[in-house]
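All values reported here derive from a predicted model rather than from experimental measurement. Throughout, a chain's letter reflects where its sequence line sits, starting with A, and its residues are numbered from 1.
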Number of protein chains: 2
Amino acid sequence: MTNKFPQRSHCPINYALESFGDKWTLLIIRDLMFNDKQSYGDFLASGEKISTNILADRLKRLEELGIVTKGAQAPNRSKVAYSLTQKGRDLLPIMLEITRWSGKYDADTYASRSFLMRLEQDRDKLIAAIRAGW
Amino acid sequence: MTNKFPQRSHCPINYALESFGDKWTLLIIRDLMFNDKQSYGDFLASGEKISTNILADRLKRLEELGIVTKGAQAPNRSKVAYSLTQKGRDLLPIMLEITRWSGKYDADTYASRSFLMRLEQDRDKLIAAIRAGW
DNA sequence: CTGTATCCTTAGGGATACTG
DNA sequence: CAGTATCCCTAAGGATACAG
């Protein structure tokens with residue numbers, strides 16, 4: 001069978017790029033991981049103003065990659081709850097290092113100083129929790 | 001003055017995405033950081049087959065962002081040596097976490113088991129070195 | 001060798017209307 | 001509310017030729 005996700009190379013950096021190397025995917029993961037968002041409407045409401053077609057496309061792709069799962073919605077509710085899989089939660093260390101880097105170099109970042117300090121303190125604890133499976 | 005790099009938001013994840021959130025930039029950084037590459041031709045020769053216009057564009061952008069510097073080439077040589085700035089070297093922890101994640105989830109990645117084990121052992125040492133300024 | 005320039009094609013994505 | 005569907009435009013990118 002032909003692979004749905006052909007790779008340009010078998011480099012680990014490249015694998016990551018082909019998983020979430022675009023301008024939108026990581027924002028969805030951020031919302032799931034840090035912002036307690038889980039519904040289509042939640043993601044749409046984020047500050048970067050993702051459009052509906054892009055959001056639907058990325059959610060589908062994230063599901064196919066096994067990073068996100070579409071939660072079993074309650075029968076009579078039209079709310080759909082997305083959540084991170086283990087593979088998705090395992091992105092936490094990357095997200096923390098990114099936050100730390102941006103916090104150092106982006107004067108305008110809204111990761112406040114107190115948030116960054118807390119991040120430093122909780123980092124190992126958070127990562128250990130992730131590795132244990134949460 | 002109008003900013004050359006308008007931001008969609010002031011989120012740290014978004015800052016990173018707007019710095020290197022595309023399919024090529026991180027490959028150049030990888031080549032500089034791990035593969036002892038430093039010339040235009042070196043980058044062109046990498047497995048993912050970046051094209052000349054894209055490479056030139058990304059190098060320029062990386063310079064503007066202060067992640068890469070164009071080395072002072074020797075007078076009579078046409079070789080140009082690019083290298084990472086401190087801001088660029090500070091991406092190491094992110095790169096290591098990405099490598100670790102891909103090593104866990106990409107069956108085809110060429111980060112061999114032995115490389116990943118070495119990464120685990122040397123990780124803190126490498127990061128400490130980066131923080132000290134190399 | 002280090003790029004520029006050009007041509008051309010495709011993919012990404014904004015806006016908005018619409019459907020179950 | 002959670003998507004689909006369209007329309008349309010721009011940015012991204014491959015190929016290749018050329019220049020300093």
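- In this structure, the nucleotide among C:dT2, D:dG3, D:dG14 sitting nearest to the side chain of A:Lys70 is D:dG3.
- Here D:dT6 presents its C1' atom at 14 Å from CD1 of A:Ile54, a figure rounded to the nearest Å.
- Taking side-chain N and O atoms only, A:Arg58 has no distance below 4.0 Å to OP1 or OP2 of C:dG12.
- The B:Ser51 side chain lies nearest to D:dA15 when the options are D:dA15, D:dG3, C:dC1.
- Judged by distance alone, with hydrogens and angles left aside, A:Asn53 brings no side-chain donor or acceptor close enough to the base of C:dG12 to form a pair under 3.5 Å.
- Rounding to whole angstrom units, CG of residue B:Leu55 and C1' of D:dA12 are separated by 15 Å.
- Contacts between residues 9-22 of chain A and DNA chain D, counted as heavy-atom distances below 4.0 Å, involve no residue at all.
- Side chains of A:Asn14 and A:Glu18: a donor-acceptor N/O pair is present below 3.5 angstrom, by distance only.
- Between A:Asp57 atom CG and D:dA2 atom P there is a gap of 18 Å when expressed in whole angstrom units.
- Atom pair A:Leu59:CG and D:dG3:P shows a separation of 7 Å (rounding to whole Å applied).
- Here the straight-line distance linking atom CG of B:Leu17 with atom SG of B:Cys11 works out to 8.0 Å at 0.5 Å rounding.
- Between atom CG of residue A:Leu26 and atom CG of residue A:Leu91 there is a gap of 7.0 Å, rounded to the nearest 0.5 Å.
- Rounded to whole angstrom, the span from the CD atom of B:Glu48 across to the C1' atom of D:dA12 amounts to 17 Å.
- One finds no side-chain N or O of A:Trp24 lying less than 4.0 angstrom from the OP1 or OP2 phosphate oxygen of C:dG12.
- At least one side-chain nitrogen or oxygen of A:Tyr82 sits closer than 4.0 Å to the OP1 or OP2 atom of D:dG3.
- Here D:dG3 presents its P atom at 12 Å from CG of A:Asp42, a figure rounded to the nearest Å.
- Using a 4.5 Å heavy-atom threshold, the side chains of B:Tyr82 and B:Ile28 count as separate.
- Taking atom NZ of A:Lys49 as the reference point, atom P of C:dT16 lies 13 Å away to the nearest angstrom.
- Checking B:Asn53, B:Asp57, B:Leu59 one by one against B:Leu55, the side-chain contact (heavy atoms from CB on, under 4.5 Å) holds for a single residue, B:Leu59.
- Nearest nucleotide to the B:Tyr40 side chain, out of D:dG3, C:dG3, D:dG13: C:dG3.
- Atoms CZ (A:Arg8) and P (D:dG13) sit 8 Å apart, rounded to a whole Å.
- Salt-bridge formation is not detected for the pair A:Asp90/B:Arg100: no Lys NZ or Arg NE/NH1/NH2 atom is positioned less than 4.0 Å from an Asp or Glu carboxylate oxygen.
- In this structure, CZ in A:Arg8 is found 4.5 Å from CH2 in B:Trp24, a value given to the nearest 0.5 Å.
- Judged by distance alone with a 3.5 Å cut-off, a donor-acceptor contact links the side chain of B:Thr52 to the base of D:dT16.
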